[in-house]
Protein chains: 2
Amino acid sequence: MSYTYDYPHPAVTADICIFSIRDGALHVLLIRRLVDPFRDSWAIPGGFIKMDEDLIEGARRELQEETGVEGVPLEQLGAYGAPDRDPRERVITVAFMALVPSDQMVLAASTDAADARWFAMDDLPPLAFDHDRILADARTALAHKVTNRITETASVAFQFLPRKFTLAEAQAVFETLKGEPLDKRNFRKWIAANWDLIDLGEKTSGGRHRPAALYSVDL
Amino acid sequence: MSYTYDYPHPAVTADICIFSIRDGALHVLLIRRLVDPFRDSWAIPGGFIKMDEDLIEGARRELQEETGVEGVPLEQLGAYGAPDRDPRERVITVAFMALVPSDQMVLAASTDAADARWFAMDDLPPLAFDHDRILADARTALAHKVTNRITETASVAFQFLPRKFTLAEAQAVFETLKGEPLDKRNFRKWIAANWDLIDLGEKTSGGRHRPAALYSVDL
DNA sequence: AAAAGTACGTGTATTTACAACACTTTATGT
DNA sequence: ACATAAAGTGTTGTAAATACACGTACTTTT
């Protein structure tokens with residue numbers, strides 16, 4: 001089967017930057033390519049949009065097919081379409097991003113991708129295509145989303161915390177997402193002002209130091 | 001000549017929202033379509049991306065071809081790709097926007113567009129495709145760009161003013177772009193704090209009221 | 001010449017957000 | 001008891017945003 005047009009058409013893909021925190025460090029989900037070009041290179045997951053699906057649906061489907069990840073709230077980042085970004089043919093990609101708790105994710109490779117793995121953002125392999133640029137843009141957007149407003153993305157941050165958490169643990173999560181250290185007192189003022197924290201009246205124990213109060217959050 | 005692919009490919013277009021102020025009201029540049037679908041409907045200018053040009057280059061070219069408008073600093077708004085947004089075939093569009101001084105623009109219609117005209121934003125005709133949504137998104141983005149930061153877009157605002165202008169004239173321009181009235185005293189503080197205004201020591205005359213001081217701006 | 005009309009020009013007080021900054025408290029381990 | 005380690009806690013300064021009202025200077029009309 002083949003498809004013929006009177007004028008040349010580009011291919012259109014959706015590529016998805018999935019961020020998570022693992023072991024206290026920001027990670028991104030990458031796949032190893034099984035096919036040329038960039039065979040055996042790492043890349044952000046993505047693939048061709050089908051003719052009957054919306055862009056975000058295509059992104060969701062590709063993400064599921066290539067990594068097994070489902071049910072994440074994607075946000076569009078923008079379109080990338082430099083003429084030579086793919087050596088095969090003209091390929092324009094629409095980039096999406098999301099922040100997810102990776103513990104609940106079951107990674108599964110597929111036919112298109114040999115392997116799906118989490119990589120620490122400060123220890124990335126060389127990436128296929130222009131995925132380094134896309135990922136850098138997504139990283140910047142993530143930091144803004146988490147701090148500037150009370151977005152859905154920001155509330156995902158609490159998914160990285162246990163149901164009962166200390167304020168120090170919460171601060172570590174937000175520092176990781178923003179990528180820079182935060183002042184302890186200012187952070188406590190900020191989080192108390194922007195979320196409904198519930199003081200559980202319980203304390204940590206077992207540390208060789210003063211116990212911390214435990215909180216939960218009402219999102 | 002025809003082009004054949006193993007898999008179906010969407011068409012990709014660039015559509016451009018060009019805003020300007022005319023007669024004190026925010027206007028947008030629209031074209032009347034000469035071809036189906038939506039023949040004789042009004043639409044934001046745009047067209048198919050060529051295989052060897054970047055998205056923004058394609059946007060610039062289509063804008064020039066369809067309206068004669070050149071040399072404007074486009075910014076990407078995002079990609080729109082609902083499966084049924086074009087009845088002919090699957091068409092994904094990447095939207096761009098810009099704010100320009102329309103007086104210097106020479107409008108010229110082309111083969112694709114019967115007519116290019118400015119429409120007041122509060123008196124729009126029905127638009128082709130999903131252009132009403134794209135335009136609404138662009139309108140929101142414009143208001144943010146003009147006020148939230150000192151962006152290039154914001155400095156275009158002064159292009160709507162004569163070289164020597166009064167602060168009341170400047171306020172009217174920013175109110176039009178933002179779409180809401182501004183407090184006179186606060187506006188004067190804000191503009192003085194954010195731009196280099198030069199008091200020319202001259203005054204208006206001929207009004208049936210107290211004359212206003214004339215300024216110019218050093219961008 | 002006086003009065004009315006019209007837009008010009010100006011200052012202060014309040015609130016909010018953000019940034020900087022240091023010491024006391026309370027547990028654990030030796 | 002003492003050392004260690006992290007928890008917890010307020011104030012101050014600055015900048016930015018908001019709200020708000022009246023005297024001034026010129027033109028036109030009577």
Side-chain angles (χ1 to χ4, degrees), chain A residues 24 143-151 154 157-158 161-217, chain B residues 23-24 143-151 154-155 157 161-162 164-217:
Chain A
H144 281 103
K145 278 181 206 295
V146 168
T147 55
N148 279 8
R149 294 156 210 165
I150 313 299
T151 60
F158 290 98
L161 293 166
R163 188 145 61 211
K164 304 176 179 184
F165 57 85
T166 68
L167 295 182
E169 289 168 338
Q171 182 173 343
V173 166
F174 278 91
E175 284 175 337
T176 300
L177 294 173
K178 192 162 179 208
E180 63 184 23
L182 302 171
D183 177 83
K184 179 161 60 161
R185 282 172 288 192
N186 291 339
F187 173 76
R188 284 166 186 239
K189 274 181 287 190
W190 176 80
I191 196 171
N194 289 293
W195 274 278
D196 281 339
L197 291 182
I198 301 157
D199 187 336
L200 298 172
E202 304 174 53
K203 303 263 174 191
T204 55
S205 67
R208 62 183 65 181
H209 53 78
R210 176 174 175 177
L214 286 168
Y215 293 84
S216 69
V217 69
Chain B
D23 302 323
H144 281 102
K145 280 181 205 294
V146 168
T147 55
N148 279 6
R149 295 155 210 166
I150 312 300
T151 59
S155 64
L161 294 166
K164 303 176 179 184
F165 57 86
T166 69
L167 295 182
E169 290 168 337
Q171 182 174 343
V173 166
F174 280 91
E175 284 175 336
T176 301
L177 294 174
K178 190 162 180 207
E180 63 183 24
L182 301 172
D183 177 83
K184 180 159 61 160
R185 284 170 287 190
N186 293 339
F187 173 76
R188 285 165 187 240
K189 274 180 286 190
W190 175 79
I191 195 173
N194 289 292
W195 274 278
D196 280 340
L197 290 183
I198 300 157
D199 186 338
L200 298 171
E202 305 174 55
K203 303 263 174 194
T204 55
S205 66
R208 61 184 65 181
H209 53 78
R210 175 176 176 179
L214 287 168
Y215 293 83
S216 69
V217 68

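So you know, we letter chains A, B, ... as the sequences are listed, proteins then strands, and number each from 1.
- Contacts of Ala172(A) classified as side chain to side chain contact (heavy atoms under 4.5 Å, CB included), with partners at least two apart in sequence or in another chain: none.
- Counting only residues at least two apart or in different chains, salt bridge (charged side-chain N to carboxylate O under 4.0 Å, His left out) contacts with residues 165-185 of chain A comprise Lys178(A)-Glu180(A).
- Taking each heavy atom of Phe187(A) and Leu167(A) in turn, the nearest pair found is CE2-O, 3.7 Å.
- Of the residues in residues 171-182 of chain B, not one places a heavy atom less than 4.0 Å from an atom of DNA chain D.
- The minimum heavy-atom distance between Val173(A) and Ala157(A), with the atom names listed, is CG1-O, 3.6 Å.
- The interatomic distance linking Arg208(B) (CZ) with dT28(D) (P) rounds to 6 Å, in whole Å.
- Annotation: the span from Trp190(A) atom CH2 to Thr147(A) atom OG1 amounts to 7.5 Å, rounded to 0.5 Å.
- When heavy atoms are screened at a 4.0 angstrom cut-off, Ala168(B) is found touching the sugar-phosphate backbone but no base atom.
- The CZ atom of Phe187(A) sits 14 Å away from the C1' atom of dA7(D) (whole-angstrom rounding).
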Base, backbone or nothing for each nucleotide of nucleotides 13-23 of chain D, written B, S, -, heavy atoms under 4.0 angstrom, 5' to 3'? -----BBBB-B
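- Residue pairs meeting the salt bridge (charged side-chain N to carboxylate O under 4.0 Å, His left out) criterion with at least one member in residues 195-215 of chain A, sequence neighbours excluded: Lys164(A)-Glu202(A).
- Taking the six-membered ring where tryptophan is involved, the planes of Trp195(A) and Phe174(A) are tilted, since the angle between them lies from 30° to 60°.
- Counting heavy atoms from C-beta outward, Leu197(B) and Ile191(B) have side chains that approach closer than 4.5 Å.
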Can you list the steps and then say if Val217(A) with Phe165(A) is a side chain to side chain contact (heavy atoms under 4.5 Å, CB included)? CA-CA 9 Å; Val217(A) 69; Phe165(A) 57 85; 4.1 Å; yes
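- Contacts between chain A and DNA chain C, taken as any atom within less than 4.0 angstrom of a protein heavy atom, begin and end at dA19(C) to dG29(C).
- Here Thr204(B) pairs with Thr166(B), Pro211(B), Ala212(B), Leu214(B) under the side chain to side chain contact (heavy atoms under 4.5 Å, CB included) rule; sequence neighbours left out.
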